[in-house]
Amino acid sequence: MIRLASLLLGVFACWQSVAVTAADNKQPNIVVFLADDLGYGDLGCYGHPLIQTPNLDAFAQQGTRLTQCYAACAVCSPSRSAILTGRTPYRNGVFTWIPEGREIHLRSSEIALPKLLKAKGYATCHVGKWHLNGHFNKPTQPQPNDHGYDWWLATQNNAAPSHEQPTNFVRNGEPIGKIDDFSAPFIVKEAVTWLKEKRDPAKPFMLAVWTHEPHYPIKSAPEFQAKYPNLTDKVQREHHANVTQLDHAFGQLMRALDDLKLSDNTFVVFTSDNGPEGDGIKGAGRGSTGGLRGRKRAVYEGGIRVPGIVRWPGHVKAGATSDVPVIGSDIFVTAATIAGAELPKDRVLDGGNLLSALQSKPVERTRPLYWRCVIAPEPFKTAMRINDWKILADEKLTKFELYNIAKDPQEKQELSQTEPAKLTEMKAELLKLNTEIEAEGPDWWKSRDNGGSNKDAKGKGGDQ
């Protein structure tokens, strides 16, 4: 009897080992949840004293919270392009935010993440803000489906006229008119419907959920405004409620993954496209940088450092933090790698695999972290970080500032005069990298009209 029990135990252990191996080899689902203008300090789990974000706070306890997570640019369209291509924005062409009607767009020559994953058998869906072309829903530029999405619901830029009852959503090429809902809850409902009814359940999936919240002009449902009865400043209450509205929508999506028993095999990354709007004190824009210098449009930390939380049960440590620097372009490389897709070898990828950062190890990357924002406040429009050191440069690359970010994340101590050798080293690396990037990408940025022109689109790059 004892021998039989031992034999059965051995068989069970062998079966369990095979089962674990099979589960490990199963392609994971991938969810990229992107907030809009959410500041580094806007979540409870990042230290905000007032804003209520219970779902994201709980999510942070289920995964790893990144304390040095960067957007690839200080404004939205470029950051989005880097997530989908793994390439810094000036390299992939989407160098600035894209006004409606402009020629700047994510070119068909770029290999977008959904297209790469679709080739590996993934079902793909995008819901929410798109903002990667000026000719939205027109045949003159690539649309979400041209970049690999099977199903898409999107707006060109912001929800209009606001987050309340927007009228500018398009689903799979068809305008759908006025929505009797608020933006983030609405797009999450679309995502859940796709998960439950539209996708092929036999396939792994990639789902991009890109909210408009808390980008202005904002509007928050009464139920979320009611959570801030002591705020007499209506603008502040609307903003804080808007972040809570975003948090609520995120929670609804996570519950849907649980209900569908998908959570255990789903890699979820939550982040933001850039720092917060406004001055944080008066007028529109009450988001928090968590004390970092600068805000949206600035290449100081407050314009580019954003929340970043990753959950992947069994692979990512729960309740942990990582202070390893990561950037939006890392999402492309990470997602492709865990899906078993071969990374493109015919182009430079600026991103690396952020799974290393989740193990508190440096991310291996071929190029330093780099930012450039043509509409950044004068004088500094370019920045680069190598290890603990960050250099800022003006547009002509003739004026510089130097900081040690590990020691001085608030960028209060400018070190170019006291660290001349390090400044010389960083200047040389920046000039080299900047020259390489400009030589590869289309020169749409030379038009300087914040969105390109018809003439520029016919020049270097085009829709190649």
Side-chain angles (χ1 to χ4, degrees), residues 39-41 46-47 64-74 79 82 88-89 271-272 274-275 289-295 298-310 317 320-331 333-334 349-373 376 379-394 397 399-434 436-437:
Y40 181 75
Y46 278 84
T64 295
R65 185 171 61 88
L66 302 163
T67 63
Q68 296 196 61
C69 179
Y70 291 101
C73 189
S79 295
T88 200
T271 190
S272 177
N274 47 249
T289 66
L292 300 173
R293 181 178 179 179
R295 299 176 72 82
V299 292
Y300 289 109
E301 293 290 286
I304 54 178
R305 194 186 291 203
V306 292
I309 310 171
V310 180
K317 189 175 180 180
T321 59
S322 170
D323 62 359
V324 177
V326 301
I327 195 166
S329 52
D330 295 343
I331 294 173
V333 175
T334 308
L349 295 179
D350 297 278
N353 189 340
L354 65 78
L355 290 184
S356 297
L358 300 175
Q359 299 172 357
S360 296
K361 300 176 183 178
V363 175
E364 293 185 10
R365 53 181 83 253
T366 63
R367 301 295 189 278
L369 301 179
Y370 170 92
W371 302 269
R372 185 168 169 183
C373 185
F380 299 108
K381 297 179 180 291
T382 301
M384 182 190 72
R385 178 172 175 176
I386 299 177
N387 298 323
D388 294 339
W389 292 94
K390 179 180 173 185
I391 186 170
L392 281 74
D394 68 349
L397 302 179
K399 296 179 181 179
F400 302 92
E401 288 186 348
L402 182 69
Y403 298 93
N404 186 308
I405 297 300
K407 296 179 180 179
D408 179 28
Q410 295 179 327
E411 294 166 301
K412 292 181 177 180
Q413 295 181 306
E414 203 280 302
L415 302 173
S416 60
Q417 299 300 311
T418 56
E419 297 282 352
K422 179 58 69 173
L423 177 65
T424 298
E425 175 189 333
M426 293 290 285
K427 279 172 58 177
E429 289 292 332
L430 176 58
L431 293 171
K432 176 184 175 182
L433 179 60
N434 197 74
E436 175 199 290
I437 290 170

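When a residue number appears, it is its place in the shown sequence, counting from 1.
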Test side-chain hydrogen bond (donor to acceptor under 3.5 Å, both in side chains) applied to R385 - qualifying residues, sequence neighbours left out: Q68, Y70
If you look at every heavy atom in A82 and A72, which pair is closest and at what distance? CB-CB, 3.4 Å
Side chain of T382, backbone of A393: donor and acceptor closer than 3.5 Å? no
Nearest 0.5 Å, please: how far is CG in L433 from CG in L369? 10.0 Å
Listed by chain and number, what are the salt bridge (charged side-chain N to carboxylate O under 4.0 Å, His left out) partners of R293, not counting sequence neighbours? none
Rounding to 0.5 Å, atoms CG (L402) and CG (L415) come to a distance of 5.5 Å
Determine whether a donor-acceptor pair (N or O, by modelled atom type, separation under 3.5 Å) exists between the side chain of N274 and the backbone of G303. no
Provide the closest heavy-atom pair for C73 versus C373 in the form atom of the first, atom of the second, distance. SG-CB, 4.3 Å
Side chain to side chain, R295 and T289, heavy atoms closer than 4.5 Å: yes
Taking only residues two or more places apart in sequence, or in another chain, which ones meet T88 in a side-chain contact (heavy atoms from CB on, under 4.5 Å)? R91, D350, Y370, I437
Verdict with supporting geometry, L392 and F400, side-chain contact (heavy atoms from CB on, under 4.5 Å): CA-CA 5 Å; L392 281 74; F400 302 92; over 6 Å; no
With R65, which residues qualify under salt bridge (charged side-chain N to carboxylate O under 4.0 Å, His left out), at least two apart? none
For R305, give me all partners under side-chain hydrogen bond (donor to acceptor under 3.5 Å, both in side chains), at least two apart in sequence or on another chain. E301
Near N387 CG, under 6.0 Å, is it more than 12 heavy atoms from other residues, nucleotides or ligands? no
Find out whether T366 and L349 are in side-chain contact, i.e. whether some heavy atom of one side chain is under 4.5 Å from a heavy atom of the other. no
Counting only heavy atoms not in E436, do more than 12 fall under 6.0 Å of its CD? yes
Start with the C-alpha distance between D388 and I405, add both sets of side-chain angles, then the distance that settles side-chain contact (heavy atoms from CB on, under 4.5 Å), and finish with yes or no. CA-CA 5 Å; D388 294 339; I405 297 300; 5.8 Å; no
Could you report the tightest heavy-atom contact between A71 and S272, atom names first, then the distance? CB-O, 3.9 Å
Check: L431 main-chain N/O paired with N434 side-chain donor or acceptor under 3.5 Å: no
Residues two or more places apart in sequence or in another chain: which of them pass side-chain contact (heavy atoms from CB on, under 4.5 Å) with T64? V316, K317, A320, S322, L358
Of all heavy-atom pairs linking V363 and P325, the shortest is CG2-O, 4.1 Å
So, using side-chain contact (heavy atoms from CB on, under 4.5 Å) as the criterion, who are the partners of T424 when residues are at least two apart? none
Evaluate the side-chain proximity of L423 to I391: yes if any heavy-atom separation is below 4.5 Å, no if none is. yes
Looking at OG of S416 and CE of M426, how far apart are the two atoms once the value is rounded to the nearest 0.5 Å? 12.5 Å
Looking at side-chain heavy atoms only, is the closest gap between I331 and T271 below 4.5 Å? yes
Here the pair of heavy atoms bringing D330 nearest to T334 is O-OG1, 2.7 Å
List in chain and number order the residues that pass ring pair (Phe, Tyr, Trp, His ring centres under 6.0 Å) with Y300, two or more places apart in sequence or in another chain; answer none if no residue qualifies. none
Ring pair (Phe, Tyr, Trp, His ring centres under 6.0 Å) partners for Y46, two or more places apart: Y40
Which pairs, with at least one residue in residues 401-423 and sequence neighbours excluded, count as a salt bridge (charged side-chain N to carboxylate O under 4.0 Å, His left out)? K390-E411, K422-E425
